Structures are given as C-alpha cells and as structure tokens.
Amino acid sequence: MLKKVDDYIFEVPMGHQKGMRVPGRIFISEKLLEQVEPGTIDQVANVATLPGIVRCSMAMPDAHLGYGFPIGGVAAFREDGGVISPGGVGFDINCGVRMLRTDLFAKDVVPMISNLVEDLFHDVPSGVGAKGRLRVSEHELDEAFTRGAAWAVEAGYGVPADLEHCEEDGRMEGAMPEQVSLKARKRGRPQLGTLGSGNHFLEIQRVDEIFDFGLAKRFGLFEGQITVMIHCGSRGAGHQICTDHLQVLSRAVRKYGIDLPDKQLACAPLGTPEADNYFGAMAAAANYAWANRQIISAWTREVFERFFPEARLDLVYDVAHNVAKVEEHSVDGAMERLVVHRKGATRAFGPGRREIPDAYRDLGQPVIIPGSMGTPSYVLCGGEGAMKLTFGSACHGAGRIMSRTQAKKTYGGTEVKDALSRRGIKVMATHPKMLAEEAPEVYKPSDEVVDVVHRLDIARKVARVVPLGVSKG
C-alpha cells in the first residue's frame, strides 16, 4: 500500500518487499498513478534491496515496467559498499535527446515540410538493424568509444561549440574499449549515424509556447521558431555491451553473495573487476551514442542547408538517459561521492553545478523531455527541487501505458499516419507497424508528466514545442 507524502510524492514502505534497505519514492500525480502497473511499484521496492543504496529507490512520473529497474527509475549507491547494475542503466546505453534551434520561422518552413522530412528520412538511416552511410575502421570505432562527440566533430561532423552544449561535453571519462566484445563491435561498426527504431525519432518542431521568457532567451528559443529534436542511443553496440556484461554480473552476484529478489537486478560491488569492467564498457557505449547523435546532427544540418542555405542550426543541449555516473551529492548534510543510476531518466541539475556548461551554469541544466509521436515536447531547466529530492534527476519522456504488442493489436499504422496527417504532421517510417507501436495514445500525456516535475521544482518549464514532421525507424 503506497503512502501519500504530498500531492506529487508517494512512498513505497519498507515492508513492501522483504529485504528493503530504504523506502521507495514515486514522484507522480494521483491521476498518473492510476496508470502505473503494480509490477512497476514492485520493481521500485526490489531496487531498494540492493546493497549501498542511499536515501530511497525512486521512480519518475513516466515510470513503467523495465528490465530489473523500472523505466523512469533512479537510484544512487555509495562507492563504499554499493553496487552497479546494468538493469539500472538499460540496454540502450545513453539513449538520449538533443535539440537544435534554428533561426527559421514556422511559416517559412511549413510549405517545405514534406520535402524536408523525406530528405531527412533518406539521409539519416533508420529502422531495426539499419546500417549507416559511414564505413569506419577499427581505430575510428575505438575513437568513437573513447572520445565520443569530440571524435565526430574532429572528423568533420559538427563544430566545437556543439561539445560545449552536450552533457559531459559529449564524452564520459573512464571508457574501456577493450571491454567491448567482438560481437558488440561488429554490431556497432556499421550503425554510426543511424536512428534506430522503437521510440527513436528525428522531429522538426515549432515552438508553441514560452513559459519563462528569461530562460527561453538564454536558451535561444522564441515563439514560432523551428527546432529539431533527435532521440537515439548506442544502437546494437550498446545493446550487446549490456547483454555481455549482464552475463558476467549474473555470476558476480553468486560470487559476492548478494541476495536478490529478481535476477534481472544482476550487479557487482563497486570497486570489483566486474563492476569496473562494466562501467568502462558502459562509458564506451555512452560515448558511441554521443558520436552517433553528433553525426546525425551534421547530416540534419546538410538537409536544412539544401532548402534554407542561410539557416543556422545551433545545439541547445544534449541530455543522456540510461547511464550510471559518479557524482557528488548532499547526503545527511555532507557531500558524498555516489554512483547514480538513471534508467529512462534525465539529469536535471540546479544552478551552480560545475557539470553544467558555462552558458547555463547560473540558470541550471537544460532538460529536454520529449512527448510521444504527435504530442508536445518540453524544454525545462533543472531546479533546486531536483537536488533535494531526486539526486538531480527528472523524467525522460511521457512513459508507455500500453505494450508494443497490444498497440499493434489496437492501432493500424496507416490509420495512425492518416490521423497525424489530418493534424498537419508529416510522418515517415520504415514500416507501418512502427507507427502503430508508437501511436500517441500508447503513452501518458506529456503535459501531465511534465507538470509533476515542474510543480516539484525538479525542472521548471521553459518552452513547449509541437511536431510538424517526424522521421521514425
């Protein structure tokens, strides 16, 4: 039975699952809570049993069932006595979102939207197993694993200013390409510069409403402006890295005598070879994802240049989901180094943190929360509430309320495409079933999800953008 702490915080009590070391906390409204499966709440409780967990096991308002951890789950672990778990990161390591702002007005772009989307769909490969336009060598692949977006920029895909507007400057320290298997390399080599499938997208948008004009000006956003959002991750490389290390960490659970309520929570104590090797491989996948989004950004700029030769597409910010990071946070009044897992969750640091780029440090970190296909997305700014409540974390999207299998039984791809077309949204996908799986109705309303984090000052609303054209896998 959940305990209501306030209007937007619900607690999973210690007795919900045997062995809980801390309570669970779900940051959500009563209305959204009605759509959360009991299994998701059980997963929040299961995570609370892991060694070294600090304060509470958390779930964001977009929470739903995941592998081990809920999607939308956040958990922090002490370096001394804590663990790292691939289930707390996810298979698509550093699945993330970046937003490019343009100096174009919607009224000038809308007449060209069909051609723009068609060219983006052609120039940025997408779909299950899609192969990219690049043919990289083993050395170049190692560079992507080690240096992330910086390698892509040096290879001609973007400008140095892009790196200044990426989380971690587009590169995580500690990457260990030697911990990436041959199979992961084989999957990753042909996929740099590809969008992937599922909920990944490349979307042309219009800034529909400004909520905070001061913050919007600093982010370079204005009403009626055209923006572009790119949502993708580490593709087959990241998935294989997770798969490989899950096998190792499943054995580590027995080796180190860790009692788990769910084998999907496979983990290893921090500081052990198994934990260190997974972290190094995870960082390599995260860097691959930043390189991937950087390359896609460059090709997006090329497409826009064909239609609008004088247009500028500058990076507002690039945020990572599905990653574990070593960060300092206040615990019982003292700063402590923690390993924070964010699985389907976005970092949302408040003002002053050194990790935030100079351009935004006095404001807080830009937070990008996409909606589902056909619904609004939001730009927010990290708040003090995040630092107090969630180890600087916010939700990463709207959150599914219907499985992909059920969605395909309920909706037809052509039907979804036609409905979006009637609303003036041009959509292209590799297969109609992908549109059925990603129909707007299979997700929670993005405005209600975002309202929760705004009201808790986890992240403050800055602007809302609506889709004009979408390229899907």
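Quantities reported herein were computed from a predicted structural model and do not represent experimental measurements. All values below come from the heavy atoms of this structure, side chains included, with hydrogens, waters and symmetry mates left out.
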Exercise for review: May I ask you to decide whether Arg293 forms a salt bridge with Asp318, counting only side-chain N to carboxylate O separations under 4.0 Å?
Suggested key: yes

Review point. Distance-only, no hydrogens or angles: does the His231 side chain make a donor-acceptor pair with backbone N or O of Asn199 under 3.5 Å?
Key: yes

Review point. Would you call Glu328-Arg337 a salt bridge at under 4.0 Å N-O?
Key: no

Name every donor-acceptor pair, under 3.5 Å, that has one atom in a side chain of residues 379-392 and the other anywhere in the protein, sequence neighbours excluded.
unit_1: Thr390; atom_1: OG1; unit_2: Ala386; atom_2: O; d: 3.1
unit_1: Thr390; atom_1: OG1; unit_2: Ser393; atom_2: N; d: 3.0
unit_1: Thr390; atom_1: OG1; unit_2: Ser393; atom_2: O; d: 2.7

Check your understanding: Can any side-chain N or O of Asp208 pair as donor or acceptor with the backbone N or O of Val465 at less than 3.5 Å?
Key -> no

Check your understanding: In terms of heavy-atom contacts, does CG of Asp362 have more than 12 from other residues, nucleotides or ligands at under 6.0 Å?
Key -> yes

Practice item. Take Lys461 and Asp212 through the side chain to side chain contact (heavy atoms under 4.5 Å, CB included) test and state the conclusion after the steps. Key: CA-CA 7 Å; Lys461 290 192 287 187; Asp212 187 314; over 6 Å; no

Practice item. Ignoring hydrogens and angles, state whether a donor on the side chain of Tyr256 or Glu274 is under 3.5 Å from an acceptor on the partner side chain. Key: yes

Review point. Judged by atom type as modelled, is there a donor-acceptor pair below 3.5 Å linking the side chain of His321 to the main-chain atoms of Thr346?
Key: no

Review point. Would a 4.5 Å heavy-atom cut-off, applied to side chains only, mark Glu355 and Phe349 as touching?
Key: yes

Revision key, fill the gap. Nearest heavy-atom contact between Leu265 and Gly68 is CD2-C, 3.7 Å

Point to revise | Pair His396, Asn322: side-chain N/O donor-acceptor within cut-off below 3.5 Å | key: no

Check your understanding: Would you say the side-chain atoms of Ser57 pair up with the backbone N or O of Ala45, donor to acceptor, closer than 3.5 Å?
Key -> no

Practice item. Mind listing the closest non-hydrogen atom pair of Cys395 and Val453 along with its distance? Key: SG-CG1, 4.0 Å

Point to revise | Thr272 side chain to Ala268 backbone, donor-acceptor under 3.5 Å | key: no

Review point. Is there a donor-acceptor contact under 3.5 Å from the side chain of Arg400 to the main chain of Met402?
Key: yes

Check your understanding: Backbone N or O of Ile93 within a donor-acceptor pair of the Ser234 side chain at under 3.5 Å?
Key -> yes

Check your understanding: Can you name the residues that form a side-chain hydrogen bond (donor to acceptor under 3.5 Å, both in side chains) with Ser181, not counting sequence neighbours?
Key -> Asp244

Review point. Should the pair Arg455-Asp6 be classified as a salt bridge under the 4.0 Å nitrogen-to-oxygen rule?
Key: no

Check your understanding: Hey, are Thr243 and Gln240 close enough side-chain-wise for a donor-acceptor pair under 3.5 Å?
Key -> no

Review point. Under 3.5 Å, is there a donor-acceptor pair between the Thr194 and Arg235 side chains?
Key: yes

**Study point:** Any donor-acceptor N/O pair, Asn94 side chain to Ala286 backbone, under 3.5 Å
**Key:** yes

Check your understanding: Cationic tip of Lys472 within the cone over Phe201's six-membered ring, i.e. under 6.0 Å and within 45° of the normal?
Key -> no

Exercise for review: Please determine, by modelled atom types, if Tyr443 and Glu438 share a side-chain donor-acceptor pair under 3.5 angstrom.
Suggested key: yes

Check your understanding: Strictly under 6.0 Å, is that where the ring centroids of Phe219 and Tyr360 end up?
Key -> yes

Point to revise | Sidechain-backbone polar pair: Ser471 side chain, Leu202 backbone, donor-acceptor under 3.5 Å | key: no

Review point. Applying side chain to side chain donor-acceptor pair (under 3.5 Å), which residue pairs with at least one partner in residues 162-177 are found, sequence neighbours left out?
Key: Asp162-Gln294, Asp162-Arg301, Glu167-Lys325, Glu168-Lys325, Glu168-Arg347

Practice item. Would you check if there is a donor-acceptor pair between the side chains of Thr300 and Ser297 at a distance under 3.5 Å? Key: no

Review point. With side chains defined as the heavy atoms from C-beta onward, is the minimum distance between Glu11 and Leu2 less than 4.5 Å?
Key: no

Review point. Does the side chain of Ser377 come within less than 4.5 Å of Arg464's, by heavy atoms?
Key: no

Check your understanding: Are the side chains of Trp299 and Tyr157 in touch, meaning some heavy atoms are under 4.5 Å apart?
Key -> yes

Exercise for review: Indicate yes or no: does Glu448 engage Lys31 in a salt bridge with an N to O separation below 4.0 Å.
Suggested key: yes

**Study point:** Between His454 and Tyr8, ring centroids under 6.0 Å
**Key:** no

Check your understanding: Can you find a side-chain donor-acceptor pair between His245 and Gln247 that sits under 3.5 Å?
Key -> no

Check your understanding: Parallel, tilted or perpendicular: which fits the ring planes of Phe91 and Tyr67, with parallel below 30° and perpendicular above 60°?
Key -> perpendicular

Check your understanding: What pair of heavy atoms forms the shortest contact from Ile53 to Arg78, and how long is it?
Key -> O-NH1, 4.4 Å

Practice item. Please report the closest heavy-atom contact between Ala289 and Gly233, naming both atoms and the distance. Key: CB-C, 3.6 Å

Point to revise | Test side chain to side chain contact (heavy atoms under 4.5 Å, CB included) applied to Phe10 and Lys3, step by step | key: CA-CA 6 Å; Phe10 293 81; Lys3 175 185 175 184; over 6 Å; no

**Study point:** Donor-acceptor under 3.5 Å (Lys343 side chain, Ile71 main chain)
**Key:** no

**Study point:** Considering all heavy atoms, the nearest Pro440-Thr375 contact
**Key:** CB-CG2, 3.9 Å

Review point. How far apart are the C-alpha atoms of Arg353 and Gln365, what are their side-chain angles, what is the distance that settles it, and do they pass the side chain to side chain contact (heavy atoms under 4.5 Å, CB included) test?
Key: CA-CA 9 Å; Arg353 291 284 299 213; Gln365 176 186 311; over 6 Å; no

**Study point:** Beyond-backbone contact of Phe222 with Val207, side-chain heavy atoms, under 4.5 angstrom
**Key:** no

Point to revise | Val228 and Leu120: CA distance, side-chain angles, deciding distance, side chain to side chain contact (heavy atoms under 4.5 Å, CB included) verdict | key: CA-CA 11 Å; Val228 179; Leu120 286 170; 5.8 Å; no

Review point. If you round to the nearest 0.5 Å, how far is CG of Leu32 from CD of Gln35?
Key: 6.0 Å

